[in-house]
Amino acid sequence: MLLRSKNHASRSLMGFLCLYGIGMAVAHPVSAQSGKLPLQDLSAFREPGQSWSITSDASAKLDNPHVLDAVAGTGVLFNMPDKKHPGKDLFSTEEYGDVDIELDYMMAPGSNSGIYLQGRYEIQLLDSWNTKVPKPGDNGGIYERWDDSRPDGQQGYDGHAARVNASRAPGLWQHMKISFQAPRFDAAGKKIANARMLLVELNGVTIHENVELMGPTRGSIGGGDEKATGPLRLQGDHGAVAFRNITINKPSAAHTGNERDRTVDPILIDAPVNTVLRSFMDVKNNKRVVHAVSVGSPEKVHYTYDLDKGMVAQVWRGEFLDATPMWHDRGNGCSRPRGAVQLLGEPFFTLSKLSSPQAAWMTDTTGSGYRPKGYVLDENDLPTFRYQVYGTSVSDVVRVLPEGHGVRRELTVAAPVEGLYAKLAEGTTIETPSKDLYIIDGKSYYLQVDDAGGEKPVIREAGATKELIIPVHSKLSYSILF
């Protein structure tokens, strides 16, 4: 294993999460209405404002702030406030105590919203695409409490930032899971225990764990009081937002968090400088990349390169790597990303020679002469990957984009053969909202074609998936935005 970095792997002890029972606590079951909310209409909510509607999908343009576009149909809760349709918060007709909530949401560029448990405790929703170190007011943060009597600049207090920024770009669907424990009251109505966010996950990453809420956050209903139950409240007066797949259930068991290897002192690798680590890496459908090179950046945007396929296998935003499986005890050779991972498909070769744009993609190296040649590091410790295929040499440069919006990839082919194509992406859907921009796999990430030498990508069927391929001459560059 090769580690190229000016920093050392950090080790930290993670204790067990202890959730304790409280005597005389009154149980607060979820309302009888549980399961997935039927978003055929707005009947699950009381007095919805004019900005709310039901659609089948939503979309955004990255250069059009505060705007979401709707697609007619059902299944998506859509909020688009404007002068004719002023924004208003949305309240569920049912009230909840202890509750597990799971949902998808989409932010417009620059937009702001929030999820209030019991109408009182807000988890912030925000376009935090440009954020490196999140604050309580950023996406996924537990918003601050507020006291106007405090000195200027100190009115906000007791907020909790997400552990890492696990946000996706505006216009992409994001996934959140919340496990909430309501405050407890004795038989006389006196509060005997504070509410807690037992677990909050954003895009597969634990961002809060067993956080005690000393009181309602700013803007809560009821003038700052607390009760055993309350409505689910979705903020609608601050900006455009969409929700889908809203599932509300009574917690089935005590939550003990989502951290792995709790009995082991974890071996965590940060990337305060450009950092390169070789390991095994499990990617889509548990396919193992055995010659994986993971590259970390101080911008907190990282990627894994598959040397055996000449492919960028995954990208992620957050912290760099957990090397515990690789280095603890005998180890299994694997490392794991510590952020919101965007997989880019099952392992496939980036380049293939095709007899026609509909010919099958290369699945093994037979007849291709594929030979990986490793990588070389530049003066900034950033790798350029090299390999040979079809008798020509290929260099592959991947670099983090400004403001951490994603990565830009540039392929240079010394002497391309006739019929050489690159596969840029695959997924269940590939949409084309504008020239040279594609939205991949159900709005999971964007792909921007930067320079293709005048060639146009082709979207083609490949069994149950779609593929985005393009003819390759001497150079090809594109960006993955997520």
Side chain of Asp127, backbone of Trp129: donor and acceptor closer than 3.5 Å?
yes

Heavy-atom closest pair (Gly159 atom, Pro136 atom, distance to 0.1 Å) is C-CG, 3.8 Å

side-chain hydrogen bond (donor to acceptor under 3.5 Å, both in side chains) test vs Asp282 passes for just one of Arg288, Gln314, Lys287, namely Arg288

Side chain to side chain contact (heavy atoms under 4.5 Å, CB included) between Asn203 and Phe482: does it pass, once the steps are laid out? CA-CA 12 Å; Asn203 297 322; Phe482 64 100; over 6 Å; no

- Query: Under a 4.0 Å N-O cut-off, is there an ion pair linking Lys466 with Glu461?
  - Reply: yes

For Leu117 and Met197, the nearest pair of non-hydrogen atoms, with its separation, is CD2-CE, 3.7 Å

Next on the checklist: Is the ring pair Phe243/Tyr105 parallel, tilted or perpendicular, if the boundaries are 30 and 60 degrees?
Outcome noted: tilted

Check: Side chains of Asn245 and Thr247: closer than 4.5 Å at any heavy-atom pair?
Finding: no

If we ignore hydrogens and angles and just use 3.5 Å, is the side chain of Asp441 paired with the main-chain N or O of Thr428 as donor and acceptor? yes

* Asked: So, does Arg336 use its side chain to make a donor-acceptor pair with the main chain of Thr324 at under 3.5 Å?
  -> no

- Task: Begin from the C-alpha positions of Asn79 and Ser51 and carry the test side-chain hydrogen bond (donor to acceptor under 3.5 Å, both in side chains) through to its verdict.
- Result: CA-CA 5 Å; Asn79 181 59; Ser51 64; 2.5 Å; yes

For Thr55 and Ala70 the tightest heavy-atom approach is CG2-CB, 3.5 Å

inquiry  = Let's go through Val407 and Arg409 carefully: what are the C-alpha distance in whole Å and the side-chain angles of both, what is the deciding distance for side chain to side chain contact (heavy atoms under 4.5 Å, CB included) to 0.1 Å, and is it a yes or a no?
reply    = CA-CA 7 Å; Val407 298; Arg409 185 182 189 190; 5.9 Å; no

Are the side chains of Ile54 and Leu42 in touch, meaning some heavy atoms are under 4.5 Å apart?
-> yes

Parallel, tilted or perpendicular, as decided by the 30° and 60° cut-offs, for the rings of Phe180 and Tyr121: tilted

Value for CD1 (Ile142) from OG1 (Thr217), rounded to nearest 0.5 Å, stands at 9.0 Å

Any donor and acceptor pair, going by atom type alone, linking the side chain of Thr93 with main-chain N or O of Arg46 inside 3.5 Å?
no

Ala60 and Gly171 have their tightest heavy-atom pair at CB-CA, 3.7 Å

_Residue pair Tyr96 / Thr229, side-chain heavy-atom distance below 4.5 Å_ = no

Distance col, row Phe320:CZ vs Leu268:CG, nearest 0.5 angstrom, shows 12.0 Å

Original post:
Hey, does Asn274 have a side-chain heavy atom less than 4.5 Å from the side chain of Val276?
Top reply: no

Assess whether a salt bridge exists between Glu346 and Lys284, defined as any Lys/Arg side-chain N lying under 4.0 Å from an Asp/Glu carboxylate O.
no

When rounded to the nearest 0.5 Å, the distance separating CD1 of Ile207 from NE2 of His160 is 12.5 Å

Discussion item. Can you confirm whether Asn139 sits close enough to Leu125 that some side-chain heavy atom of one is under 4.5 Å from a side-chain heavy atom of the other?
Written reply: yes

Next item on the list: Evaluate salt bridge (charged side-chain N to carboxylate O under 4.0 Å, His left out) for Asp104 paired with Arg244, printing each intermediate quantity in order.
Entry: CA-CA 5 Å; Asp104 300 326; Arg244 68 178 186 183; 3.1 Å; yes

Closest non-hydrogen atoms of Asp41 and Ser43, given as atom of the first, atom of the second and distance, are OD1-OG, 2.6 Å

*Heavy atoms of other groups near Lys191 NZ, more than 12 under 6.0 Å*: yes

For Glu201 and His175, what are the C-alpha separation, side-chain angles and deciding distance, and is it a side-chain hydrogen bond (donor to acceptor under 3.5 Å, both in side chains)? CA-CA 8 Å; Glu201 294 180 11; His175 188 70; over 6 Å; no

* Would a distance-only check, ignoring hydrogens and angles, find a side-chain to backbone donor-acceptor pair under 3.5 Å from Thr275 to Val273? -> yes

Run Val295 and Val398 through side chain to side chain contact (heavy atoms under 4.5 Å, CB included) and show every step you take.
CA-CA 9 Å; Val295 182; Val398 184; over 6 Å; no

Worksheet item: Taking side chain as C-beta onward, heavy atoms only, is His238 less than 4.5 Å from Ser111?
Response: no

Report task. Please answer whether the main-chain N or O of Pro272 pairs with a side-chain N or O of Asp270 as donor and acceptor at a distance below 3.5 Å. Result -> no

*Arg317 side chain reached by Asn165 side chain, heavy atoms, under 4.5 Å*: yes

Margin query: Please check: side-chain N/O of Gln174 versus main-chain N/O of Arg168, any donor-acceptor pairing under 3.5 Å?
Written below: yes

Step by step, would you call Arg196 with Asn210 a side-chain hydrogen bond (donor to acceptor under 3.5 Å, both in side chains)? CA-CA 6 Å; Arg196 288 177 181 267; Asn210 196 28; 3.0 Å; yes

Checklist entry - Hey, is Arg163 close enough to Glu319 for a salt bridge, meaning N to O under 4.0 Å? => result no

- Worked check of side chain to side chain contact (heavy atoms under 4.5 Å, CB included) between Trp173 and Val76: CA-CA 12 Å; Trp173 286 110; Val76 170; 4.1 Å; yes

In this structure, CH2 of Trp327 is separated from OG of Ser335 (nearest 0.5 Å) by 8.5 Å

*Look at Lys132 together with Asp138 and state whether they make a salt bridge at an N to O cut-off of under 4.0 Å.*
no

Here the gap from Leu468 atom CG to Leu447 atom CG, rounded to the nearest 0.5 Å, amounts to 6.0 Å

- Item | Met281 and Ser294, any side-chain heavy atoms less than 4.5 Å apart | yes

Distance-only criterion, 3.5 Å: show the donor-acceptor pairs between side-chain atoms of residues 230-237 and protein atoms not counting sequence neighbours.
| residue | atom | partner | partner atom | Å |
| --- | --- | --- | --- | --- |
| Arg233 | NE | Asp89 | OD2 | 2.9 |
| Arg233 | NH1 | Gly119 | O | 3.1 |
| Arg233 | NH1 | Gly219 | O | 2.8 |
| Arg233 | NH2 | Asp89 | OD2 | 2.8 |
| Arg233 | NH2 | Gly219 | O | 3.0 |

For this session: Examine distances only and state if a side-chain atom of His66 and a backbone atom of Ala108 form a donor-acceptor pair shorter than 3.5 Å.
Result: no

- request: Evaluate the side-chain hydrogen bond (donor to acceptor under 3.5 Å, both in side chains) criterion for residues Glu94 and Ser92: first the C-alpha distance (whole Å), next the side-chain angles of each, then the deciding distance (0.1 Å), finally the verdict.
  value: CA-CA 5 Å; Glu94 300 289 342; Ser92 65; over 6 Å; no

dist Gln448:CD -> Leu401:CG (nearest 0.5 Å) comes out at 10.0 Å

Here the pair of heavy atoms bringing Asn249 nearest to Gly35 is OD1-N, 3.2 Å

